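The next block holds one structure in the form of structure tokens; read it before the comments.
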Amino acid sequence: MTEHLSTIDDAARSLRAGAITSVELARAAIARADALDERLGAYLHRTDEAALAAASRADDELSRGLDRGVLHGIPLCVKDIFATADAPTTAQSLALESTWGARDDAAVVGRLRDAGAVLTGKTTTMEFAIGIPDPEKPFPLPRNPWSDDRWAGGSSSGTAIAIATGMAFGGPGTDTGGSIRIPSAYCGTTGLKPTFGRVSSEGCFPLATSLDHVGPMARSALDCAHLLDAMAGHDPRDPHSADIRADPVADAIQRGIPGIRIGVDRLHHAADADVTGRFDDAVAELERAGAIVHEISLPHYEAVTGAAGVTMFAESFAQHRRRITERWNDYGRPTRQVLALGALVSAATYVQAQRVREVGRRGLATLFEDVDVVACLTAGSGAPSLTGFDFLSIMTLPVFAAYWNGIGFPALSLPIGFDDDGLPLAMQLAGPAWSEATVLRAGHAYQQVTDWHRQVPPVALGSATP
Amino acid sequence: MTRLPTTDDDPAAAALRVRLAPLEPDDDDLRVLLVLDPALQAIDALLTSIDVDYVP
């Protein structure tokens, strides 16, 4: 059986057709984790028994005609930065007090449970969603399922690994500088950073509050749309949650893209020749699907990316200032180094960064009068090697995600093929604020004519099935 | 026994320690931060070069 390696949309159809049960899906996900998790480091805490009980309830409800929607009975995992009522929350750190997550579900977790999702456990991250894999600390080291000597990307590492290998169909991630899109890109999965404020971050340990975005991760753009529809909506408990009406997106994304205007930015996304070749192929596919494509240049790209960087350093240091002053050695070395950078950012620099972000938004608003979607690379290479990987190397990786955090507009990362080493590559599709339906529509149209998102790492094909 | 050089021998490192106080980075931490501090200054210069006078 290969249902666990399909999409949420496919599995939901199979459930309703009686071809499979939620318990069978959950057992398959558990078997996959039994076979692969020790090697790949996806989970910090598994909730197998609770997942099977939730799956059994879902089967019972569906058999009685109580259908909570597409996510009902679907196994999902939760990044260990979100509080959950039935499992501890560590943020993968020895410095987080155990009392922090002892509470009800984070808002987004509660919404997924209400939608009938079956939660399989808490997945690995980088410490507080900002460190890097740290073998000196007593936590699993997330490894890339396509080549386990490579980084899985971060910080939503475990969720991307779990999706790629069938340990779960999807889950919520967080993205402050690319933490949904980078692991999605390196692991060959799909992830959406929505518009700032579209999904509540209540119950999620903060990193940099003006840049933090909660969003969906899954195998396909359509699955991300299903997840977003369950996760999004105003939440008065989150001061950044936007109180505006945002229509559901899953039904709206299936209309194709004839006439949609796509601006392609190559200027700010330097990459190896094999990577640019795959990107050229992807743009050509979008054009064949009916898009009108022309070259653009993202306004103030370097300045907005720099502004996002210093904002993240300053805000994350402010978040951790008391704790890191008292418990310096409890933090992983790379984490404390990046947090300490925030102590070196002046107030004037921080304020200037916020004004530059606004300049960038205004420039993009003008650009989006002429295009509906921007296409660009997510990263300029496949996943880097874990050998010799340190904080300095992560700071120089060719990744192109932080610009969209600084701006706050939606950006989707989706797979576009493989590099010469067989590692997944990805592009971003981004749009103006609240344009998730358009961005996902373009991604879905691309995935209707390609099957990169359905590729499965050999390690997952070779492991035990129930 | 010859003592390995530490950041205490470096005036720039000593100045950085002052800016980071009360954080207490060890020499390995400080070496990384010494590399990245100029990068932060370069970003600051880039940001300062952007005309933001019309932004409230």
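The structure displayed is predicted, hence computed values, not measured ones. Chain A is the first sequence line, chain B the second, and so forth, proteins listed ahead of strands; every chain is numbered from 1.
- If you measure heavy-atom distances from Tyr350(A) to chain B, you find no contacts under 4.5 Å at all.
- The candidate from Asp44(B), Leu23(B), Ile50(B), Ile43(B) with the greatest count of non-hydrogen atom pairs under 4.5 Å with chain A is Leu23(B).
- Only the side chain of Leu392(A) comes within contact range of chain B, with at least one heavy atom under 4.5 Å from a heavy atom of that chain.
- Within a 6.0 Å radius of CD in Glu136(A), other residues, nucleotides and ligands contribute 12 heavy atoms or fewer.
- In the model, Ser393(A) has a side-chain atom that pairs as donor or acceptor with a side-chain atom of Asp390(A) under 3.5 Å.
- For a residue to count as touching a neighbouring chain, one of its non-hydrogen atoms must lie under 4.5 Å from one of that chain's; by this rule Leu47(B) touches chain A with backbone and side chain alike.
- Of the listed residues (Val35(B), Leu16(B), Leu33(B), Asp51(B)), the one with the most heavy-atom contacts under 4.5 Å to chain A is Leu33(B).
- Contacts of Arg321(A) with chain B are absent, with no heavy-atom separation under 4.5 Å from either backbone or side chain.
- Donor-acceptor pairing under 3.5 Å is recorded for the side chains of Arg357(A) and Ser210(A).
- Gln319(A) CD to Phe205(A) CZ: the interatomic distance, rounded to the nearest 0.5 Å, is 5.0 Å.
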Dump the intermediate steps for side-chain hydrogen bond (donor to acceptor under 3.5 Å, both in side chains) on Tyr403(A) and His268(A), then the final yes or no.
-> CA-CA 11 Å; Tyr403(A) 179 84; His268(A) 302 104; over 6 Å; no
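- Heavy-atom contacts from other residues, nucleotides or ligands closer than 6.0 Å to CD of Glu24(B) number 12 or fewer.
- In this structure, chain B has no heavy atom under 4.5 Å from any part of Glu326(A).
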